[in-house]
Each structure stands twice: as structure tokens, then as C-alpha cells.
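Input: a single structure, listed below in C-alpha cells.
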Amino acid sequence: MEVGEPDFAPPKIVGTALSEACSKGYTRYGRARGRQEVLDALARHVSEKFHPTPQENVMVSPGARFAIYSAITTLLSPGDEIIIIEPAWPAYRECALNSGIKIRAIATTLEDRWEPDPGRIEDVTSPNTKMIILNYPNNPTGKILPEKLQDDIVEIAVKNNLYILSDEIYSTYSKNWKSILSYEYQNSIITQSFSKSHAMTGLRIGYAIAHNKIIDRISKLAALCLTSISEPIQYAAMKALEADTSEFADTMQRRLDVMSREAGRIGLEFASPDGAMYLFARTGIDGARLADEALRHGLAVAPGEGFGRYGDYIRISACQNEKTLIDGMNILSGLIGEYR
Ligand code: PMP
């Protein structure tokens, strides 16, 4: 119950696509941005699901992670600043630090339902601030922002000419969520991935959506480092778009409900997730110590300190069947009872 990796198999069509990719000619070097028909299919998918998007605003990448790293390192320069709203997936910070970018972290709290105060965002914004990262539905809290708050944050970004890097890879695991694409802000970069939406973590394929000028800049790094993205995997991803994966989201929601019920029963404090696949819970004891002890009892959870200054939190992932989740929560219950 530690990693965020769906335990579902990818849609069947993905296996078929992999076995026919060679005979379909998906075996060559190609453009770093991706094969034309794959970009066309992605643009159609994004236009249908999120917001009208032309194919020239799309690029594929080996997972969202590389798209995120590419955006940060090609659009920003050493010494620039980036705003990260915590708790946050740790790679944003690591990608920025690796590129000599300074972090302006905004810590949010459970009491505020993990909602950032727009005033604080304005306060930390200086002439050196070049980007804000948003990640809703969020890893680790599962929250999405109220629409008005999201509007206010976008307004601040526009006013200060900040890039918005919106990591939307959990969007299929939530309802009532609005993509940053819908603001039509020309300095936004949206990252998506087949890892969670289609349970294709090991195939390493995702994509980015941004204004064509930004895509041109970002994809130069892929050309430099990768030449192009594996063609059979691009083909499999294109075919995966034909599959209906709504069952994944329904299953994850049921599991989150079970976990929330159990977490409430054992006295953990948390805000009910609006989506994604995690529960981020305050335990009242040191999260790293609890995670260590849990491991000795056969349960893996992620300590909260990995996501910011959340030492007494743990992130519990719903990527197991319901029985395993209940067993895991019972192990936690026993340990918390001992420590409190
Ligand atoms: N963004 C977030 C918020 C994540 O949680 C993860 C994976 N855990 C990623 C990006 C990376 O996804 P990918 O497998 O597409 O690189």
C-alpha cells in the first residue's frame, strides 16, 4: 500500500497492439515529438475529454516524469524560482533542484482542506519566479481545488507571467475536475500519462500539451537525450485510447471509500479524497517510524515527510484489492494503538 501503481492489467487491446506493432511498421526512428498519427489520436482524445486541442500542441514522452523534467529544465534557467504547493510529489522539487532552480514551497494544511491561500502565492512571487506547479487531483492528498480557487491561482499566474505546469495524470480518477487547458493560457503545460489512466506504468508513455512554441522547446531535450520515443509503445498507447477504462476509476473510488471508512474507525485524521488513489492521513505519531514498524509487520506505506513537512502523516495507496486494504488498515490500527 505504498506505491501509486494500479494493480489492474492494461486494457487487452494494448497486448494486441504490442504484438502487431512491428508488422505495422512501428520500428523506426521518428520525430522526437512523436508519430503524427499518435499525436492526432492524442489531440482528438484530449479535445473530446478535456478541451479542444490541435495536434501541434501535443508531444509524447516516456512517462509524465520526463515531460515534467523537460519542461522545468528547458523553460527555466538556473537561479529562477518555482512555486510548489505542498504536500507534493517529491520529483517536482528534485527536478527543479537538479536544474539549479530555487524552490518556493507553500505548505497547505489538513485544516484548510489542503487548499493554498492565493495571498501566500502572491507573497512568494518575485521577479525571479517563473513557474507554478499544480497537481490536481493531487498526489498525495487526492484533493481537487474548488473552481473559484483554481481560477484565482490561474489569474495570479497570468498576472505575473508565470508558466503553469499542471500535472493532471490522475484526472481520470476524479469527477468534477477542470483541466488547466480550459483557461487557454498560452504559458501552461499540461502533463498526462498512460501510467495511471490505463495501468501502463511499465510501458513508460505519457504526453504533454502546451502551446506549439513551448512544445518545440521542450521536445528538443527529447531529441537530444532520446532521439525519439519507442514506436511500439507509441502504437500501444494510441490503441489504448480506444479502450474504456472507466471501471478503473469506479474500482479505485470504492477502495478509497473502504479505506476512508477504516481510517476513520482507527482514528486517523484526513480530508476525504476527491479522486486519485491515495489517503494522506495524520497519525499523531512519527510517520517514518510508523512506516518502518509497519514494514516489519508486512505492511508498506509511504511516510509523509517525503511530500514536505508532514512528519506525522503517512500516505496510504489504494492500489490493492479491498481485502488486502482492510488487512493493512488492521495492521496500522494495532500499531497506532501501541504507540499512542
Ligand atoms: N506525477 C505524479 C503526481 C505522480 O504521482 C507520478 C507517478 N507516481 C508521475 C507524475 C509519474 O508518472 P509517469 O509514470 O507517467 O512518469
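As the structure lists them, so they are numbered: ligands from 1, and atoms in each ligand from 1.
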- prompt: Counting both backbone and side chain atoms, is some N or O of Ala64 under 3.5 Å from an N or O of ligand 1?
  reply: yes
Establish, yes or no, whether the cationic atom of Arg35 lies under 6.0 Å from the six-membered ring centre of Tyr26 and within 45° of the ring axis.
yes
For Asp167, the atoms of ligand 1 under 4.0 Å from one of its heavy atoms are 1 (N), 2 (C), 3 (C), 10 (C)
Between the side chains of Glu247 and Thr251, is a donor N or O closer than 3.5 angstrom to an acceptor N or O? yes
Do any N or O atoms from the side chain of Ser317 and from the backbone of Val3 form a donor-acceptor pair under 3.5 angstrom? yes
Here the atoms of ligand 1 under 4.0 Å from any heavy atom belonging to Ser195 are 13 (P), 14 (O), 15 (O)
The closest protein heavy-atom partner of atom 12 (O) of ligand 1 is Ile169 CD1, 3.8 Å
Counting from 1 in the order shown, the ligand 1 atoms closer than 4.0 Å to a non-hydrogen atom of Asn135 are 3 (C)
If we number the atoms of ligand 1 from 1 as shown, the ones under 4.0 Å from a heavy atom of Lys196 are 7 (C), 8 (N)
(message) Between Phe270 and Trp114, is the ring centroid distance below 6.0 Å?
(response) no
The closest protein heavy-atom partner of atom 16 (O) of ligand 1 is Arg204 NH2, 2.8 Å
Per-atom filter on ligand 1: closer than 4.0 angstrom to a heavy atom of Ser193 are 13 (P), 15 (O)
